Amino acid sequence: YLNGETKPFVPTQADYQKVYDEIAQKLANETDYDDGSYGPVLVRLAWHASGTYDKQTGTGGSNGATMRFAPESDHGANAGLKHARDFLEPIKAKFPWITYSDLWTLAGSAAIQELGGPVIPWRPGRQDKDVAACTPDGRLPDAAKDHRHIRDVFERMGFDDREMVALIGAHALGRAHTDRSGFDGPWDFSPTVFSNEFFRLLVEEKWNQKKWNGPTQFTDKSTSTLMMLPTDIALIKDKGFKSHVERYANDSDAFFKEFSDVYVKLLELGVPFQSKPEDRFVFKTSE
Ligand code: CCH
């Protein structure tokens, strides 16, 4: 109920587009962060909110936004995501009718589109839950591990090999931070542009173990400025993963299409929608 109305406010697609536009505007205005955009950390917030899903128990997932609370906000994997949550706080204040769970996922969709990625159709319907719904630590992937761990974690969410590889292609965006994960550096030369560069570099570059005191990570032979995590390298060591890496490296259109489908699926895991998939909104990207 807003402004003393007696009927509940039922937002329409146009209202959600206003939220999208506000996020896009704020992304364009606030370029004094990391490589010039909050977009990558918004993509990661939506992913970590959703990637706690367990298909067996139906727990976790984006429905709930339980990362607002400790202990979930303090889980090691979520270090640094406060930047993304704080970025969205003024948007929540301006549109108090949207739930945090819908806002965080809508922001993930908006960030992909604003960074030059594919359209990410989105629908509302998530409800915020309280602290009791926080998921246990350890549901999100550990970058120090191998192909078996990737399969364990992503199969628990309900994804197959092809979908796992497509999703991890989001590492075209952003960077690792020593004060968050302990790893350091970006995956490619344009970390604020969505592309298939992550796959192209995985296939075409030679990746050597970085010599430093930090956790094991890999660096490109040509410039020593880029990085890959052990789990990223696992994508070219494992045959089942590698065929998709090569396909996406060679076919940007296929990557954009398949990434869109699987990111939509990720953001909807465990959400009890009233609406149908065909009722998803396609937001207009800013000029
Ligand atoms: Fe990721 N990711 N991710 N990732 N990730 C990190 C950063 C980003 C893993 C580990 C890490 C996905 C899958 C995986 C993004 C999107 C996705 C970091 C650095 C680690 C570590 C964090 C830091 O220090 O700030 C592992 C392991 C996996 C799977 O095996 C998936 C799936 C997605 C989205 C669909 C994005 C974007 C970033 C950059 C964040 C930023 O702040 O720039």
Side-chain angles (χ1 to χ4, degrees), residues 27 33-53 62 75-87 104-105 107-109 111-112 114-115 117-118 120 138-159 161-188 190-195 197-198 202 214-218 227-238 241 245 255-256 258-269:
L27 280 175
Y33 171 80
D34 259 5
D35 300 292
S37 176
Y38 277 92
V41 79
L42 293 180
V43 171
R44 191 165 199 239
L45 174 66
W47 138 237
H48 279 205
S50 309
T52 54
Y53 184 64
S62 65
H75 290 169
N78 291 332
L81 292 180
K82 191 175 189 305
H83 292 279
R85 296 194 300 273
D86 287 351
F87 176 93
W104 291 356
T105 51
S109 152
I112 295 287
E114 293 299 311
L115 297 173
I120 308 292
R139 286 198 180 181
L140 293 162
D142 176 349
K145 297 207 166 139
D146 63 9
H147 57 282
R148 288 166 302 192
H149 175 71
I150 298 176
R151 283 205 179 88
D152 284 348
V153 169
F154 284 89
E155 276 170 6
R156 190 208 65 229
M157 295 175 223
F159 294 114
D161 279 10
R162 183 184 63 86
E163 294 173 311
M164 295 177 203
V165 175
L167 274 176
I168 298 170
H171 283 171
L173 298 173
R175 59 168 55 243
H177 308 75
T178 49
D179 59 339
R180 300 183 190 176
S181 60
F183 298 98
D184 187 35
W187 287 267
D188 64 44
S190 309
T192 63
V193 178
F194 188 91
S195 72
E197 276 295 281
F198 169 77
L202 255 183
T216 300
Q217 66 175 61
F218 297 82
M227 75 109 192
M228 289 287 170
L229 302 165
T231 44
D232 299 321
I233 295 296
L235 301 181
I236 44 171
K237 283 193 187 159
D238 180 274
F241 288 147
V245 171
F255 171 53
F256 274 48
E258 292 174 38
F259 177 83
S260 172
D261 289 346
V262 69
Y263 196 66
V264 168
K265 179 173 165 181
L266 173 73
L267 270 37
E268 296 193 347
L269 293 174

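Computed from a predicted structure; not experimentally measured. We count ligands from 1, going down the list as the structure has it; atoms in each ligand are counted the same way.
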Pick one of side chain, backbone, both or neither for how Leu229 approaches ligand 1, counting any non-hydrogen atom pair under 4.0 Å.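 Leu229 to ligand 1: side-chain contact only, backbone stays beyond 4.0 Å.
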
Give the contacting part of Leu167 toward ligand 1: side chain, backbone, both or neither, where contact means a heavy-atom distance below 4.0 Å.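 Both parts.
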
Pull out every atom of ligand 1 sitting under 4.0 Å from any heavy atom of [X], numbered as shown with elements.
{"X": "Gly174", "answer": "39 (C), 43 (O)"}
{"X": "Ala176", "answer": "19 (C), 23 (C), 24 (O)"}
{"X": "Phe154", "answer": "29 (C), 30 (O)"}

Which protein non-hydrogen atom lies closest to [atom], naming both residue and atom, and how far is it?
{"atom": "atom 24 (O) of ligand 1", "value": "Ser181 OG, 2.6 Å"}
{"atom": "atom 39 (C) of ligand 1", "value": "Leu173 O, 3.7 Å"}
{"atom": "atom 43 (O) of ligand 1", "value": "Arg175 N, 3.0 Å"}
{"atom": "atom 42 (O) of ligand 1", "value": "His177 CE1, 3.4 Å"}
{"atom": "atom 29 (C) of ligand 1", "value": "Pro141 CG, 3.4 Å"}
{"atom": "atom 1 (Fe) of ligand 1", "value": "His171 NE2, 2.1 Å"}
{"atom": "atom 34 (C) of ligand 1", "value": "Ala170 CB, 3.4 Å"}
{"atom": "atom 16 (C) of ligand 1", "value": "Trp47 CD1, 3.7 Å"}

Any donor-acceptor N/O pair, Ser109 side chain to Ile120 backbone, under 3.5 Å: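 Yes, because the side chain of Ser109 sits within donor-acceptor range (under 3.5 Å) of the backbone of Ile120.
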
When you measure from the side chain of Ser50 to the backbone of Ala46, do you find a donor-acceptor pair of N or O atoms at a distance under 3.5 Å?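 Between the backbone of Ala46 and the side chain of Ser50 there is a qualifying donor-acceptor contact (under 3.5 Å).
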
Closest contact, heavy atoms only, Ala144 versus Phe183: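 So the two residues come closest at N-CZ, 4.4 Å.
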
So, for Val43 and Ile112, which heavy atoms are closest and what is the spacing to 0.1 Å?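 For Val43 versus Ile112, the nearest heavy atoms are CG2-CD1, 3.7 Å.
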
How are the rings of Phe198 and His171 set to each other: parallel, tilted or perpendicular (split at 30° and 60°)?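 Perpendicular: the ring planes of Phe198 and His171 meet at over 60°.
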
Using 30° and 60° as the class limits, which term best fits the ring planes of Phe194 and Phe259: parallel, tilted or perpendicular?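 Because their plane-to-plane angle lies in the 30° to 60° range, the rings of Phe194 and Phe259 count as tilted.
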
[Y] and [X], any side-chain heavy atoms less than 4.5 Å apart:
{"X": "Leu269", "Y": "Phe159", "value": "yes"}
{"X": "Arg156", "Y": "Arg139", "value": "yes"}
{"X": "Asp232", "Y": "Ile168", "value": "yes"}
{"X": "His177", "Y": "Asp184", "value": "no"}

I want to know if ligand 1 touches Asp34 in the polar sense, i.e. an N/O pair below 3.5 angstrom.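 Between Asp34 and ligand 1 (N or O atoms, distance only) the closest approach is not under 3.5 Å.
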
Between Tyr263 and ligand 1, does any nitrogen or oxygen pair lie at a separation below 3.5 Å?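 Between Tyr263 and ligand 1 (N or O atoms, distance only) the closest approach is not under 3.5 Å.
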
Any salt bridge between Asp161 and Arg151, counting N to O under 4.0 Å?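 Salt bridge between Asp161 and Arg151, a charged N being under 4.0 Å from a carboxylate O: yes.
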
At a 4.0 Å cut-off, with the gap strictly under it, does some heavy atom of Trp187 reach an atom of ligand 1?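 Right, Trp187 reaches ligand 1.
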
Option set Arg180, Arg44, His83, criterion heavy-atom distance to atom 22 (C) of ligand 1, minimum: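 Selected option, by shortest heavy-atom distance: Arg44.
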
